Amino acid sequence: MNKIRIKVVICQMKKEQNLWGGRFTGKTDVKFVEFNRSFGFDFRLFAADVRGSAAHCEGLRKAEVLTGQEAKQIQNGLQKLLKQSAHDKDFFADSTAEDVHSFIEAQLVKIVGDVGRKLHTGRSRNDQVATALRIWLREAIDEMTIDLQNVQKSLIDLAENYRTAILPGYTHLQRAQPILLAHWCLAYFEMLKRDAARLFEVRGRVNVLPLGAAALAGTSYPIDREAVARDLDFEAIAENSLDAVSDRDFAAEFVHAASLIMTHLSRLAEDIILYATTEFGFFELSDAVATGSSLMPQKKNPDSMELVRGKSGRVFGHLMGLLTMLKGLPMAYNKDMQEDKEAVFDACDTTRDCLQITATVLRNLRVREERMQNAAIEGYLNATELADYLSKKDIPFRSAHEIAGKIVLRAIETRVELNDLGLSEMQKYSPKIEADIYDALSLQQTLKTKNVIGGTAPEQVEKALQKAKLYLTKK
Ligand code: ARG
């Protein structure tokens, strides 16, 4: 066996750069330092962590662990850091900090001196990071909800701009029955409505304060956790310190909600891609959200929608990653959990991007009404009407279905639509068929008969649109 010479690279890090150097005598491996670091991504928790730290500082002051003077110095330092982060674009650039928490502490000590080293009294990075992530996430949920509502608004606008447009409805991707385009828009509206409700519910479970749990057992200082929670706008405090620092179910729930949003966007994208093909020709994407081919001059590719469809996969992947990361963790905190952040951040960024792009696609979509309507007329989409017509004349529906099927077969053989068959021709199949059959088979009538709540009759769709608009104004 070949002997492999392993060169151990020794870390030259200065002691103050990590928060835990005291009991160590050896140096940390350089590769491991990088491997262990999360600052490259968790710097995004900066503002949330500063806010959590300020509330903790106030908690310590009230508990008389810090003097008023000390607390004030720390608070001023934290505020300075916030300002600096907003103005200095290189603020995070050159830091070798292990994570955002050590970064903030090091920067604070730089500004306020040794008193900054008192801030970590009575807390651990374990309750600190859980708090920061929850603060960050509830804000992200609020922003995502606005993006979601914008897609809902663009669906309603599309529906209203093409109020009377009719297209074939499909099952098994076979022409089934005519529907209004507005009805199709409202179907996606409903899905997104549930997604918004899901996000709202998740937000409730995110909005619980872990601070005070400290490392795992609870803090040893008399901090009023309820007051800290109020200060940070948390609705409740975590009831068990072990649970508070060691679960990330709230993160998984969020990514699950994002995954369902992506599922819905992906279905919408698929419909749009399909309807924008030459074969369907119902929609045309705006130049603003399509691309051309480097080879084929005629091409207009729906890349925007394809990417939305494709990106759903990575959001689902993050959900699987989180669940797998969590499932075998022994109580309580384990470093595995540092992996939660990239999953949450990327799921959030990806879903928000997709929502925004989808809204733009919808807002600029050209609908080819005539082509759509012609497709709704061809292909016996009114065959069910024929069966219903007969059943209303007291023929049991099963028999009516059979008769209608035979008439459809006849029409297929003679290559005409049902409305083109002569009355006497149809009467051969059932004497109950009369001249009013043509009215019953008309496109408008086919829609009109679906007059139940949730149906595609114009009257119902109009009501549904008004209801949808009311929902949006109440948001
Ligand atoms: N960067 C760490 C994380 O994201 C912070 C918590 C570290 N805690 C610890 N005991 N090492 O989870």
Side-chain angles (χ1 to χ4, degrees), residues 11 13 15-24 26 28-29 31-53 55-56 81 85 92 95-108 117 119-140 206 208-220 238 240-252 254-255 318 321-349:
C11 172
M13 276 178 56
K15 250 214 173 136
E16 65 265 23
Q17 283 182 321
N18 62 46
L19 301 172
W20 36 263
R23 64 97 62 220
F24 284 74
T28 320
D29 174 76
K31 177 72 194 174
F32 172 63
V33 170
E34 272 316 305
F35 186 68
N36 195 36
R37 282 182 82 209
S38 52
F39 191 59
F41 46 87
D42 71 11
F43 73 93
R44 292 179 67 172
L45 296 178
F46 177 78
D49 200 56
V50 167
R51 190 165 172 210
S53 295
H56 177 64
L81 286 181
S85 74
F92 300 113
S95 175
T96 53
E98 179 184 324
D99 58 22
V100 67
H101 321 292
S102 31
F103 174 78
I104 291 172
E105 192 171 314
Q107 297 296 318
L108 183 68
R117 296 165 68 89
L119 175 61
H120 209 55
T121 316
R123 77 172 178 185
S124 149
R125 273 186 297 164
N126 299 350
D127 58 345
Q128 186 181 354
V129 67
T131 303
L133 188 58
R134 284 171 183 269
I135 293 175
W136 187 91
L137 189 50
R138 68 183 182 191
E139 205 169 295
V206 169
V208 177
L209 175 76
L211 264 185
L216 75 162
T219 182
S220 338
N240 178 286
S241 62
L242 295 169
D243 174 47
V245 292
S246 73
D247 206 352
R248 295 291 185 268
D249 55 355
F250 68 91
F254 164 71
V255 180
H318 290 313
L322 278 175
L323 293 172
T324 312
M325 179 273 281
L326 288 170
K327 83 173 184 67
L329 293 184
M331 204 57 106
Y333 176 85
N334 297 271
K335 194 61 173 260
D336 314 46
M337 281 188 276
Q338 179 164 287
E339 291 290 308
D340 61 2
K341 277 164 275 311
E342 283 162 296
V344 166
F345 292 155
D346 189 65
C348 180
D349 294 345

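Atoms within a ligand are numbered from 1 in the order they appear, just like the ligands themselves. What you see is a predicted model, and the numbers here were worked out from it, not measured in a lab. When reading the values below, keep in mind they use all heavy atoms of this one structure, side chains included, and skip hydrogens, waters and symmetry mates.
- Taking the six-membered ring where the residue is Trp, Phe35 and Phe32 present tilted rings, their angle falling between 30° and 60°.
- Aromatic ring centres of Phe41 and Phe345: separated by at least 6.0 Å.
- In this structure His318 satisfies the side-chain hydrogen bond (donor to acceptor under 3.5 Å, both in side chains) test together with Asp346, sequence neighbours excluded.
- Listed by chain and number, the residues in a salt bridge (charged side-chain N to carboxylate O under 4.0 Å, His left out) with Lys335 are Glu98 (sequence neighbours excluded).
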Enumerate the pairs of nitrogen or oxygen atoms, one from ligand 1 and one from the protein, separated by less than 3.5 angstrom; state names and distance to 0.1 Å.
residue: ligand 1; atom: 1 (N); partner: Ser38; partner atom: OG; Å: 3.3
residue: ligand 1; atom: 1 (N); partner: Asp99; partner atom: OD2; Å: 3.1
residue: ligand 1; atom: 1 (N); partner: Gln338; partner atom: OE1; Å: 2.7
residue: ligand 1; atom: 4 (O); partner: Lys341; partner atom: NZ; Å: 2.7
residue: ligand 1; atom: 8 (N); partner: Asn126; partner atom: OD1; Å: 3.0
residue: ligand 1; atom: 10 (N); partner: Asn126; partner atom: OD1; Å: 3.0
residue: ligand 1; atom: 12 (O); partner: Tyr333; partner atom: OH; Å: 2.5

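- In this structure, the side chain of Thr219 engages the main chain of Gly122 through a donor-acceptor pair within 3.5 Å.
- The salt bridge (charged side-chain N to carboxylate O under 4.0 Å, His left out) check on Asp336 picks up nothing, with sequence neighbours excluded.
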